[in-house]
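Working notes, beginning with the structure itself.
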Amino acid sequence: MKLVGISGAIIGSKTALVVNKVLEEVKKQYPDVETELLDMKDYDVQFCDGRDPSAYTGDTKKVIDAVISSDFCLIGTPIYQASMSGVLKNLFDLIPVTALQQKVVGFVATGGTYQHYLVIENQLKPIAGFFRSYVAPGYVYVHDDHFNEYKEITDPNVLERIERLAHELVFMQKRLKGSE
């Protein structure tokens, strides 16, 4: 069972840190689950131009294939101008509509204001609905204040939500796919 965590940012490190923290928590709670961090800043992904997803090559193909081959996904984005990152939107445009179908999906987001946590509710969850994904009920929004000067998450409430999201993702995946 493979969980792919996607950090939908090409600058900064906070989104990747949060996604990775959830992946680490999954490994801690469920050592049998294989995890992979797909940090979009490590890939040179082309803009979606309407081609069939199978026609892309290079890093774009690697990223598309990683999402398709996952059993379930954790998706993270920084919030820019009250919306997801363009990098993440481009990824949603690149992957085939079946790439997330009947897969469990969880969300994390990072932002500079407390109001932007609603982007998960108002933008990301509807996209998961379009892909016919099963959405974990909890999600994690991390504000700049939740990090210390070393870019470590220090807020106990956020850390608890990360633990809960890690559990929800695996619990849902196991139950929906009939494994224990």
Side-chain angles (χ1 to χ4, degrees), residues 3-26 29 35 37-41 45 47-48 63 67 70 72-149 151-173 175-176:
L3 170 62
V4 171
I6 301 165
S7 174
I10 56 172
I11 60 168
S13 60
K14 290 178 181 171
T15 302
L17 288 169
V18 177
V19 171
N20 200 49
K21 186 76 172 166
V22 176
L23 295 178
E24 288 172 358
E25 190 61 37
V26 165
Q29 293 180 34
T35 62
L37 176 62
L38 190 63
D39 192 341
M40 295 302 290
K41 75 173 135 206
V45 175
F47 284 112
C48 180
V63 169
V67 175
S70 69
F72 56 135
C73 288
L74 170 67
I75 300 170
T77 184
I79 305 301
Y80 300 135
Q81 305 294 354
S83 187
M84 74 186 94
S85 69
V87 173
L88 184 58
K89 174 63 169 94
N90 187 54
L91 178 60
F92 286 143
D93 290 341
L94 285 166
I95 61 176
V97 72
T98 57
L100 297 174
Q101 189 173 358
Q102 296 184 350
K103 291 183 182 181
V104 175
V105 174
F107 294 109
V108 300
T110 57
T113 71
Y114 284 103
Q115 293 78 16
H116 287 155
Y117 74 92
L118 289 174
V119 170
I120 296 171
E121 288 289 340
N122 296 324
Q123 293 179 25
L124 296 175
K125 284 185 174 184
I127 289 171
F130 167 78
F131 281 108
R132 303 294 187 244
S133 303
Y134 301 113
V135 179
Y139 54 83
V140 179
Y141 179 79
V142 185
H143 183 274
D144 290 344
D145 292 345
H146 298 135
F147 292 93
N148 66 16
E149 64 271 15
K151 294 186 181 173
E152 299 166 326
I153 302 167
T154 55
D155 185 280
N157 189 332
V158 171
L159 292 169
E160 181 182 319
R161 289 195 318 265
I162 286 171
E163 288 177 23
R164 196 173 326 123
L165 178 58
H167 172 70
E168 286 175 1
L169 284 165
V170 179
F171 175 82
M172 285 181 68
Q173 175 67 20
R175 291 295 191 261
L176 288 167

With side-chain contact (heavy atoms from CB on, under 4.5 Å) as the criterion, how do K14 and D144 come out once you've worked through the C-alpha distance, each side chain's angles and the decisive distance to 0.1 Å?
CA-CA 9 Å; K14 290 178 181 171; D144 290 344; 3.2 Å; yes
side-chain contact (heavy atoms from CB on, under 4.5 Å) between L159 and K21, intermediate numbers included:
CA-CA 9 Å; L159 292 169; K21 186 76 172 166; 3.7 Å; yes
Y80/V87 under side-chain contact (heavy atoms from CB on, under 4.5 Å): CA gap, chis, key distance, verdict:
CA-CA 11 Å; Y80 300 135; V87 173; over 6 Å; no
Decide yes or no on side chain to side chain donor-acceptor pair (under 3.5 Å) for T15 and S7, but give the supporting numbers first.
CA-CA 6 Å; T15 302; S7 174; 5.1 Å; no
Step by step, work out the side-chain contact (heavy atoms from CB on, under 4.5 Å) result for V105 and F131.
CA-CA 10 Å; V105 174; F131 281 108; over 6 Å; no
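With hydrogens and angles ignored, the 3.5 Å screen pairs a side-chain donor or acceptor of K41 with a backbone N or O of G12. Although no hydrogens or angles enter the test, the distance criterion places no donor-acceptor pair under 3.5 Å between the side chain of R132 and the main chain of V97. Listed for the E168 side chain is no donor-acceptor partner under 3.5 Å among the backbone atoms of Y139. Proximity of a side-chain donor or acceptor of K103 to a complementary backbone N or O of S70 within less than 3.5 Å is detected. Judged by distance alone, the side chain of S133 and the main-chain N or O of L100 form a donor-acceptor pair under 3.5 Å.
Under the 4.5 Å side-chain criterion, counting only non-hydrogen atoms from C-beta, L165 is in contact with L169. At a threshold of 4.5 Å between non-hydrogen side-chain atoms, the residues S83 and Q123 count as touching. Within the 4.5 Å cutoff, no side-chain heavy atoms of M172 are placed close to those of F72. Residues L88 and M40 are not in side-chain contact: their nearest non-hydrogen atoms beyond the backbone lie 4.5 Å or more apart. Q29 has its side chain out of reach of V170: every pair of non-hydrogen atoms, C-beta onward, lies at least 4.5 Å apart. Annotation: side chain of V63 is in contact with side chain of L91 (closest heavy-atom distance under 4.5 Å). Side-chain contact between Y141 and L118 is absent, with no heavy atoms from C-beta onward closer than 4.5 Å. Residues V142 and V108 fail the side-chain proximity criterion, which asks for heavy atoms closer than 4.5 Å.
Nearest heavy-atom pair across P78 and G8 is CD-O, 3.3 Å. Considering all non-hydrogen atoms of both residues, A136 and G106 come closest at CB-CA, 4.3 Å. Taking each heavy atom of I79 and A109 in turn, the nearest pair found is CD1-CB, 3.8 Å. Considering all non-hydrogen atoms of both residues, K89 and D93 come closest at NZ-OD1, 2.6 Å. Closest heavy-atom contact between A166 and V26: CB-CG2, 3.6 Å.
How far CD of E25 is from NE2 of H167: 11.5 Å, rounded to the nearest 0.5 Å. Atoms CZ and OG1, on F147 and T154 in that order, are 9.0 Å from each other to the nearest 0.5 Å. Atom CG of L17 and atom CG of L37 lie 9.5 Å apart (nearest 0.5 Å). In this structure, CD1 in I6 is found 5.0 Å from CD1 in I75, a value given to the nearest 0.5 Å. One finds the CD1 atom of I127 at 11.5 Å from the CG atom of N122 (value rounded to the nearest 0.5 Å).
Within a 6.0 Å radius of OH in Y117, other residues, nucleotides and ligands contribute 12 heavy atoms or fewer. Atom CD of Q81 has 12 or fewer heavy atoms from other residues, nucleotides or ligands within 6.0 Å. Counting heavy-atom neighbours within 6.0 Å of I10 CD1, excluding the residue itself, gives a total of 12 or less.
Ion pairing between E160 and R164 holds under the 4.0 Å rule for side-chain N and carboxylate O.
The aromatic rings of H146 and Y114 lie perpendicular to each other, with more than 60° between the two planes, well past the 30° mark.
Tested against F107, the residues V135, T77, V119, V140 include a single side-chain contact (heavy atoms from CB on, under 4.5 Å) partner, V135.
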